[in-house]
Amino acid sequence: MVRLITHNLLACHAKGCTSNNFPLRFSNVKLALREADFNPDFIRGFLPRIEWDALVQASREIGDTSLPPERPEMLDDDFLKQLHHVLLEIHVDEGSMTCPNCEHVYPISSGIPNMLLAEHEIR
Amino acid sequence: MATLGHAKVITTVVDDDPAAYEQRYVHEVYDRIAYHFSSTRYKPWPLVSKFLFNIPTGWVGLDSGTGNGKYLPLPTDNPGRIWTVGLDRSPNLLSLARTAGVVRGDVLEGGWRRGAFDYAISIATLHHLATVDRRVTVVKRLFESVSPRHGRILIYVWASTDGQDVFVPWVLQVSTATDGVRHEASRTNEDRDVRTDARTCQIGTEAAQQMGLKVSPRLAEAEGVEEAEGKEGIEIIASGWERSNYYIELWRWQK
């Protein structure tokens, strides 16, 4: 399912598209909120691995403005819970993701993003 | 054709287009048998569970060729301590894994930020690829997907001729050496030990070399042995057999 945690790891891989190839831009999204178990240790450990700017941009594209523009240094429980919500509880069930560089479109259907390329697009 | 007990091992001839071959004998078959396959594949291999158990909290990983996603919820003792994304080509298998994070895609391609993951696993997937070159490509994609500093990789190769799986046999690389004839490997119980592990190691080594990575321990363990040359490489942490599977664990390192 496309949640922002997954989206934060994705990049365009079309032939020749090797720079400025993430974050993929969301459009025409249909969202669903689904509760997930909160594991603060995971969120704390994952935080330094996040591409923060990409996460902030993507969350705003799908209408969540709760994250600060800079990665915070003080990690209180409220912030970890909020980050957990943004990363793991907002589901993009339908829509598409567009590469900011080559504008290749990756569709999302029934919650599954399709990253397959046509044969001529494979590097 | 070799004989293995009462079962016949058929040497399959891979046609000229390995992608078409895989489409017909792997992707279409899995899509058709997804539900049945899934109902028979619920127990994780112990070594895979152990590998995931040892992953530090907060790490994220890739399960390349995840099928029905049975490894995604692990470790069971503390679910959610790590987070694994599943990649597979079969939409029907993925639909069975929908409670987890899954992506439709090809193990030969990418789709990730380079080094985005902390670990990657490839379980009983490599044998579905029809040529050695394609298997090397899959391993390169695994190497690329993980952190060059600390990425950990577990590859598990199914190496039994019995049991129900969609099976593309190991095929020796087209011979460029003596006779120019394409050699096909027939598999028997006797040849599996020597061949599968040697080939899996070769595939790992070949993938590393193509990426300019040195295959050696990061640090010399014994005195008098020089430390590895080079700025980055791959260390083989463990390898061996678990039932009918050969496994190899590799860690990336960078100085």
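A, B, ... follow the sequence lines: proteins, then strands. Residue 1 opens every chain. Keep in mind that what you see is a predicted model, and the values were worked out from it rather than measured.
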What part of [X] lies closer than 4.5 angstrom to a heavy atom of chain B: side chain, backbone, both or neither?
X	value
R44(A)	neither
L117(A)	both
N8(A)	both
N114(A)	both

I'd like to verify something: which residue of P79(B), G105(B), G111(B) has the highest number of heavy-atom pairs under 4.5 Å with chain A?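 Most pairs with chain A among the choices: G111(B).
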Is R60(A) atom CZ crowded by more than 12 heavy atoms from other residues, nucleotides or ligands, each under 6.0 Å away?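 Result for CZ/R60(A): enclosed.
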R81(B) (side chain) donor-acceptor with D41(A) (main chain) under 3.5 angstrom: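 Flag not set: sc R81(B) to bb D41(A) has no pair under 3.5 Å.
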Using a 4.5 Å cut-off on heavy atoms from C-beta on, say whether the side chain of F46(A) contacts that of D118(B).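 They are not in contact (no side-chain heavy atoms under 4.5 Å apart), so the answer is no.
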Heavy atoms, side chains only, cut-off 4.5 Å: are L9(A) and W83(B) in contact?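 Of all side-chain heavy-atom pairs linking W83(B) with L9(A), at least one is under 4.5 Å.
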Considering only heavy atoms, which portion of [X] lies under 4.5 Å from any heavy atom of chain A: side chain, backbone, both, or neither?
X	value
I82(B)	backbone
V85(B)	side chain
P56(B)	neither

Minimal non-hydrogen separation, [X] against [Y], with atom names:
X	Y	value
L116(A)	R89(B)	CD2-NH1, 3.6 Å
G80(B)	F42(A)	O-CB, 3.0 Å
V103(B)	P113(A)	CG2-CG, 3.8 Å
R49(A)	R113(B)	O-NH2, 4.0 Å

What's the spacing between R141(B) CZ and H13(A) NE2 if we round to 0.5 Å?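 Output value for this atom pair is 10.0 Å.
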Looking at I43(A), I5(A), D37(A), which one has more heavy-atom pairs under 4.5 Å with chain B than the rest?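 Heavy-atom pair counts peak at I5(A).
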